[in-house]
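These values consider heavy atoms only, across backbone and side chains, with no hydrogens, waters or symmetry-generated copies. Quick caveat: nothing in here was measured; it's all calculated off a predicted structure.
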Amino acid sequence: MASNNSTDDSNAAPTADDTATPSSETAELNRQNEARLQEIEQNIRENQPLTSEQLPLTALEKQYLQESTASNFRQGVTYLQNHYSHLRMVRGDGNCYYRAFLYSLVEQLLNHHHHQDPTAKAEGERICQWRYYRAFLYSLVEQLLNHHQDPTAKAEGDRICQWLKHDSWQQVLNIGGYDEMTCEIFYDSMVELLEKVVSSAPKTGESSSSYTMADFHEEMNQETATSDYCTWYMRVITATHLKSHPDRFLPFILAEQPGLDIPQYCQREIEPMGKECEMLQALALAEAFGVQVQIEYLDGHALQTSSQGDKKLSQHNVGSEEPKLFLKLLYRPGHYDILYPISK
């Protein structure tokens with residue numbers, strides 16, 4: 001019987017390459033993935049502004065021309081072209097809903113404010129004062145009263161003055177449970193921005209505004225500055241609104257993430273920058289500001305047939321049922337941009 005001198009490969013001594021442990025291989029894979037993510041994020045920062053200039057809808061159409069499976073998307077874009085003149089793209093960094101919300105809100109206030117629209121001006125002052133509580137309380141309410149010299153407006157000013165004593169800043173601290181020192185710089189950034197907006201209309205004898213759309217657009221595209229500070233503070237407002245209405249919102253949270261209470265949900269899904277905004281957060285933010293957000297859904301589903309027989313995208317409206325301001329946003333899977341209706 002011939003002796004078997006061959007060596008079983010499974011029993012062979014390990015080579016130097018075989019000595020790497022699974023944990024070291026995982027660490028190296030994680031390092032490579034992290035490097036790729038950093039490269040992608042750097043490319044986004046260099047090539048995609050936080051908020052673009054207004055773009056024609058053809059910019060959206062080009063994204064779906066080469067995709068054979070995107071016919072529903074292309075039909076949706078055609079619908080949008082018939083109802084909207086432009087869009088403004090927002091950086092896809094997980095904060096896009098909050099950035100789109102803030103940009104659209106301030107842009108409307110600026111545009112109406114500069115055209116002397118009294119309803120929008122009053123709404124801007126109401127929102128700004130709702131944000132502001134402490135040292136400027138008296139002067140802000142005084143602005144509102146001086147702007148509306150009639151008994152009805154005076155009564156409304158009195159109501160707002162009383163309401164301001166328990167405004168959102170107090171809710172953030174007392175109901176939201178946030179630390180004042182932690183939140184103050186973000187709160188101040190939000191207040192400063194809105195104050196510039198509501199005081200920007202040209203004064204008598206002046207032809208130019210103190211704070212223009214160009215100023216706003218430039219400020220909103222500065223990295224790690226006002227846009228980020230306001231975005232995080234809007235996350236705090238959103239979380240505080242949920243915490244203020246636990247009986248209403250908790251069932252929705254438990255349906256999606258069983259076992260989480262509202263503070264845990266806020267800590268995990270709302271407070272971290274980069275976490276995408278779900279419909280529950282969108283609703284809470286719009287309600288907190290007292291505006292309505294109208295969202296067109298370009299998500300690949302077939303167009304719906306309206307009661308008049310027209311084809312249209314699915315649309316969801318969230319927020320106030322009696323709004324004075326309407327924000328128009330476009331949803332695509334995992335992302336939001338700003339829409340501009342065709343002027344009638």
Side-chain angles (χ1 to χ4, degrees), residues 51 76 79-80 83-84 87-90 92 94-109 112 119-120 123-124 126-127 130-131 168 171-172 175-176 190 194 230-257 260 262 265-266 268-271 275-301 303-304 306-307 312-341:
T51 316
Y79 162 82
L80 291 172
H83 293 82
Y84 298 90
L87 83 159
R88 194 184 295 274
M89 293 186 174
V90 182
N95 300 307
C96 53
Y97 180 84
Y98 296 94
R99 293 192 203 279
F101 180 97
L102 176 64
Y103 198 107
S104 184
L105 173 68
V106 173
E107 186 174 33
Q108 284 202 44
L109 292 176
H112 289 302
T119 300
E123 186 70 357
R126 182 193 70 79
I127 290 174
W130 176 76
R131 312 286 320 130
S168 69
Q171 291 183 351
V172 162
I175 298 176
M190 189 84 175
L194 292 175
C230 291
T231 293
W232 189 78
Y233 193 67
M234 284 190 294
R235 289 179 177 274
V236 169
I237 293 172
T238 302
T240 299
H241 191 75
L242 294 182
K243 294 174 183 178
S244 300
H245 304 86
D247 293 340
R248 179 182 169 206
F249 290 116
L250 184 58
F252 296 100
I253 293 172
L254 292 176
E256 294 294 328
Q257 301 195 34
L260 284 186
I262 291 181
Y265 176 82
C266 293
R268 179 184 297 183
E269 300 296 332
I270 300 179
E271 294 167 8
K275 271 287 189 178
E276 293 183 3
C277 183
E278 302 296 339
M279 188 53 62
L280 186 64
Q281 293 98 290
L283 170 65
L285 183 62
E287 286 185 349
F289 272 86
V291 302
Q292 185 176 109
V293 181
Q294 300 174 344
I295 307 172
E296 298 276 12
Y297 277 74
L298 183 63
D299 55 5
H301 286 88
L303 297 182
Q304 298 180 341
S306 70
S307 57
K312 57 180 292 187
L313 288 174
S314 174
Q315 184 184 95
H316 290 174
N317 300 335
V318 297
S320 173
E321 295 182 357
E322 297 180 351
K324 295 178 181 177
L325 289 177
F326 297 86
L327 313 184
K328 298 274 191 177
L329 303 185
L330 172 66
Y331 172 83
R332 290 180 286 161
H335 186 66
Y336 290 90
D337 292 310
I338 304 168
L339 286 171
Y340 297 85

ask   = Would you call M234 and M190 a side-chain contact if the rule is heavy atoms closer than 4.5 Å?
value = yes
key: Under 3.5 Å: donor-acceptor pair, side chain of Y331, backbone of G334   = yes
remark   = In short, V90 meets D337 closest at the heavy-atom pair N-OD1, 2.7 Å
key: Closest approach of L329 to L339 (non-hydrogen atoms, all atoms of both residues)   = O-CD1, 3.8 Å
ask   = Measuring from Y98:OH to Y336:OH, what's the distance to the nearest 0.5 Å?
value = 10.0 Å
key: Spatial distance of atom CG (L242) from atom CD (E287) [nearest 0.5 Å]   = 9.5 Å
request  = Could you tell me whether the side chain of L80 reaches within less than 4.5 Å of the side chain of L87, counting heavy atoms only?
outcome  = no
Pairwise distance CD1(I253) to CD(E269) - rounded to 0.5 angstrom = 9.5 Å
request  = Over all heavy atoms of both residues, which pair between R268 and K275 is shortest? Give the atoms and the distance, please.
outcome  = O-CE, 3.2 Å
key: Step-by-step side chain to side chain contact (heavy atoms under 4.5 Å, CB included) determination, H301 to S314   = CA-CA 9 Å; H301 286 88; S314 174; over 6 Å; no
request  = Determine the minimum heavy-atom distance between K312 and S306, stating which atoms define it.
outcome  = CD-CB, 3.7 Å
message = Could you work out, with side chain to side chain donor-acceptor pair (under 3.5 Å) as the rule, every residue matching Q315, not counting sequence neighbours?
response = E296
inquiry  = Test of understanding: with side chain to side chain donor-acceptor pair (under 3.5 Å), list the residues that count as partners of E271, not counting sequence neighbours.
reply    = Y178
query = Got a donor-acceptor contact below 3.5 angstrom from the R235 side chain to the I270 backbone?
reply = yes
message = Ignoring hydrogens, what is the shortest heavy-atom contact between I175 and T240? Give both atom names and the distance.
response = CG2-O, 4.3 Å
query = Who pairs with Q292 by side chain to side chain donor-acceptor pair (under 3.5 Å), at least two apart in sequence or on another chain?
reply = Q294
ask   = Relative to each other, are the rings of H316 and Y297 parallel, tilted or perpendicular (30° and 60° limits)?
value = tilted
query = Can you check side chain to side chain contact (heavy atoms under 4.5 Å, CB included) on V293 and Y97, steps first, answer last?
reply = CA-CA 11 Å; V293 181; Y97 180 84; 3.7 Å; yes
Contacts of H83 that satisfy side chain to side chain donor-acceptor pair (under 3.5 Å) - sequence neighbours left out = none
Show the atom names and distances, to 0.1 Å, of all donor-acceptor pairs under 3.5 Å that link a side chain in residues 279-286 to residues at least two apart or in another chain.
residue	atom	partner	partner atom	Å
Q281	OE1	Y265	OH	2.9

remark   = CD1 (I295) and NZ (K328) are apart, to the nearest 0.5 Å, by 11.5 Å
query = Which is it for L330 and I338 under the side chain to side chain contact (heavy atoms under 4.5 Å, CB included) test, yes or no, and what are the steps along the way?
reply = CA-CA 6 Å; L330 172 66; I338 304 168; over 6 Å; no
query = What distance separates F249 CZ from L254 CG, expressed to the nearest 0.5 Å?
reply = 13.5 Å
ask   = Minimum heavy-atom separation for R88 to T51, with atom names?
value = CD-CG2, 3.3 Å
message = Within the structure provided, determine whether F252 and E278 are in side-chain contact (heavy-atom separation under 4.5 Å).
response = no
inquiry  = Run the ring pair (Phe, Tyr, Trp, His ring centres under 6.0 Å) test against F101 and tell me which residues pass, sequence neighbours left out.
reply    = F289
